[in-house]
Q: 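The following block contains the structure, expressed as structure tokens.
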Amino acid sequence: MSMSDEARKNLFSAELLKWYKRERRDLPWRRSRDPYHIWVSEIMLQQTRVDTVIPYFNRFVDRFPNPKHLADAPEEDVLKHWEGLGYYSRARNLQTAVREVVERYGGQVPDNKKDISSLKGVGPYTAGAILSIAYNQPEPAVDGNVMRVLSRYYCLDDDIAKPSTRIGMESLAQGLIPSGEAADFNQALMELGAMVCTPKSPSCPECPVRSGCVALAEGRERELPIKTKAKKARPVFRVAALVEGTGPRAGKVLVRQRPDTGLLARMWELPHVEVRDEIEWDSLSVGKRLLQEASAVDGVGIQATERIVGEAQHIFTHLVWNIRVLPAVAVDEEFVADRTGYRWVGPDEFENYSWPNVFRKLLTEYYISHININ
DNA sequence: AAGCCGGGGTT
DNA sequence: AACCCAGGCTT
């Protein structure tokens with residue numbers, strides 16, 4: 001004898017909400033009802049875990065407490081506060097959007113779906129999250145947690161990698177929101193996915209809605225949700241130059257800024273080139289030659305050696321960088337120093353720049369090994 | 001629809 | 001090593 005659809009729905013909404021009000025974590029953004037704070041937290045939380053976000057969120061709202069402050073800040077300052085969080089376009093989009101809010105809405109975060117969805121970096125999830133959490137509007141906020149919870153509770157075989165599935169989940173989720181409880185209920189749904197209904201081994205005995213869960217009843221909770229596989233990351237091989245300064249530039253290293261768009265946009269790095277495959281990577285001579293050719297194009301004369309002084313791997317979602325570092329010298333340091341995009345940076349200036357983790361690691365290793373004990 | 005975009009924790 | 005994470009943008 002199975003329960004009716006209506007009973008299953010009511011059980012879910014009521015029990016989940018009760019559980020959340022009892023068990024909810026004390027998170028920084030839950031201490032605020034400021035729509036701007038909610039917004040910042042939601043952008044940071046995209047594809048990023050709560051524990052990772054907490055320190056970033058606190059620093060960010062401390063430095064940029066309201067839309068006006070963020071709108072007026074230099075972009076490099078914003079990027080520096082995002083350093084290490086990843087997906088750096090989020091930071092630039094957020095600032096672009098905040099400037100729009102200051103100009104068009106007098107600094108007030110929009111409270112309707114049309115206007116808020118038009119903001120850069122605000123997609124269906126984030127729009128629903130802000131409207132529900134900050135304004136308590138009955139809008140769904142469907143993320144990976146919510147799709148996992150609903151897939152299991154209703155035992156749905158739909159592929160959650162498909163956009164059409166998310167659309168369906170939004171209708172389902174909206175219908176579950178108890179009257180006047182959108183803010184807490186949407187967070188409850190995500191909290192359950194994060195704390196109980198976890199991807200690999202859900203804690204079903206502790207689940208407040210286990211008695212209505214169809215997947216659990218059928219013993220299928222561990223096979224849901226269905227998600228088509230992501231492609232494997234493609235390995236690439238790169239050779240970087242560690243150009244040490246001499247004379248007035250002693251202790252400094254030549255670095256450059258990445259392009260305005262694309263991967264790791266506007267962050268800083270060691271000058272480097274990509275070689276064709278692992279064979280060329282191993283030979284070192286190809287890397288040495290390409291480094292010299294590429295540096296000549298940039299107007300920077302670099303003479304590299306064939307000695308390895310550093311090696312690191314940087315794993316992205318869609319590719320893997322394998323990097324070897326060769327010592328090098330600049331043919332003309334004075335000329336080099338003035339080239340756009342290139343700079344000599346020493347340990348004391350290091351923190352004034354934003355670095356991808358892999359170059360932070362390599363440069364830190366270098367600086368440490370060259371500490372001068374006077 | 002598929003690819004691009006970081007970094008780190010879990011299993 | 002594979003998978004996932006309070007996703008969104010571009011093509």
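Residue numbering restarts at 1 for every chain, and letters A, B, ... go by the order of the sequence lines.
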Q: Taking ILVMFWY side chains as joined if any heavy atoms are under 4.5 angstrom apart, and letting links pass through other members, which residues group with Val214(A)?
A: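 None; Val214(A) is a cluster of one.
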Q: What residues from residues 147-170 of chain A pass a heavy-atom cutoff of under 4.0 Å to DNA chain C?
A: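 The stretch gives Arg148(A) as the residues lying under 4.0 Å from the strand, ordered by number.
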Q: Please identify each residue that fulfils salt bridge (Lys or Arg N to Asp or Glu O under 4.0 Å) with Glu83(A), with sequence neighbours left out.
A: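 Only Lys80(A), Arg360(A) meet the salt bridge (Lys or Arg N to Asp or Glu O under 4.0 Å) criterion with Glu83(A).
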Q: Quick one: label Trp82(A) by what it contacts on the DNA or RNA (base, sugar-phosphate, nothing), any heavy atom closer than 4.0 Å.
A: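 If one applies the 4.0 Å heavy-atom cut-off, Trp82(A) turns out to touch nothing in the nucleic acid.
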Q: For Ile38(A), report the nucleic acid contact type (base, sugar-phosphate, nothing); a contact means any heavy atom under 4.0 Å.
A: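 No contact at all - Ile38(A) keeps every heavy atom at 4.0 Å or more from the nucleic acid.
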Q: What protein N or O atoms touch nucleotides 9-11 of chain C N or O atoms at under 3.5 angstrom, if any, and at what distances?
A:
| from | atom 1 | to | atom 2 | distance (Å) |
| --- | --- | --- | --- | --- |
| dC9(C) | OP1 | Gly121(A) | N | 2.8 |

Q: Near DNA chain C, under 4.0 Å by heavy atom, which residues of residues 135-142 of chain A?
A: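 When residues 135-142 of chain A is checked for heavy atoms under 4.0 Å from DNA chain C, there are no hits whatsoever.
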Q: Can a side chain N or O of His318(A) be found less than 4.0 Å away from OP1 or OP2 on dG3(B)?
A: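 It does not, given that no N or O in the side chain of His318(A) lies less than 4.0 Å from OP1 or OP2 of dG3(B).
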Q: Mind checking who shares a hydrophobic cluster with Ile279(A), ILVMFWY linked at side-chain heavy-atom distances under 4.5 Å?
A: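 Other cluster members: none.
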Q: Which pairs with one or both residues in residues 300-313 of chain A pass salt bridge (charged side-chain N to carboxylate O under 4.0 Å, His left out), sequence neighbours excluded?
A: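 Every salt bridge (charged side-chain N to carboxylate O under 4.0 Å, His left out) pair that includes a residue of residues 300-313 of chain A, provided the two are not neighbours, is Glu311(A)-Arg324(A).
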Q: Phe359(A): which residues meet the ring-ring contact (aromatic ring centres under 6.0 Å, His included) condition with it, sequence neighbours left out?
A: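 If we apply the ring-ring contact (aromatic ring centres under 6.0 Å, His included) test to Phe359(A), skipping adjacent residues, the hits are His272(A).
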Q: Tell me who clusters with Ile167(A), hydrophobic residues only, linked when side chains sit under 4.5 Å apart either directly or through other members.
A: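 Reading the cluster by chain and number, Ile167(A) sits alone, since nothing else belongs.
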Q: For the side chain of Met190(A), counting heavy atoms from C-beta on, which of dG8(C), dC5(B), dA6(C) is nearest?
A: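 That would be dA6(C).
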Q: Quick one: hydrophobic cluster around Val273(A), which other residues, with the 4.5 Å side-chain cut-off, linked directly or via members?
A: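 Via sub-4.5 Å side-chain contacts, Val273(A) links to Phe237(A), Val239(A), Val275(A), Trp281(A), Leu284(A), Val286(A), Leu290(A), Leu291(A), Ile308(A), Leu326(A).
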Q: Find every protein N or O atom lying less than 3.5 Å from an N or O atom of nucleotides 7-11 of chain B, and list the pairs.
A:
| from | atom 1 | to | atom 2 | distance (Å) |
| --- | --- | --- | --- | --- |
| dG7(B) | OP1 | Tyr88(A) | OH | 2.8 |
| dG7(B) | OP2 | His314(A) | NE2 | 2.1 |
| dG7(B) | O3' | Asn357(A) | ND2 | 3.3 |
| dG8(B) | OP1 | Asn357(A) | ND2 | 2.7 |
| dG8(B) | OP2 | Asn357(A) | ND2 | 2.9 |
| dG8(B) | N2 | Arg49(A) | NE | 3.2 |
| dG8(B) | N2 | Arg49(A) | NH2 | 3.0 |

Q: So what does Gly193(A) hit on the nucleic acid, given a heavy-atom distance under 4.0 Å: a base, only sugar-phosphate, or nothing?
A: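 If one applies the 4.0 Å heavy-atom cut-off, Gly193(A) turns out to touch nothing in the nucleic acid.
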Q: Return the set of residues passing ring-ring contact (aromatic ring centres under 6.0 Å, His included) with Tyr342(A) (not counting sequence neighbours), or none when no residue passes.
A: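 Tyr342(A): no ring-ring contact (aromatic ring centres under 6.0 Å, His included) contacts found.
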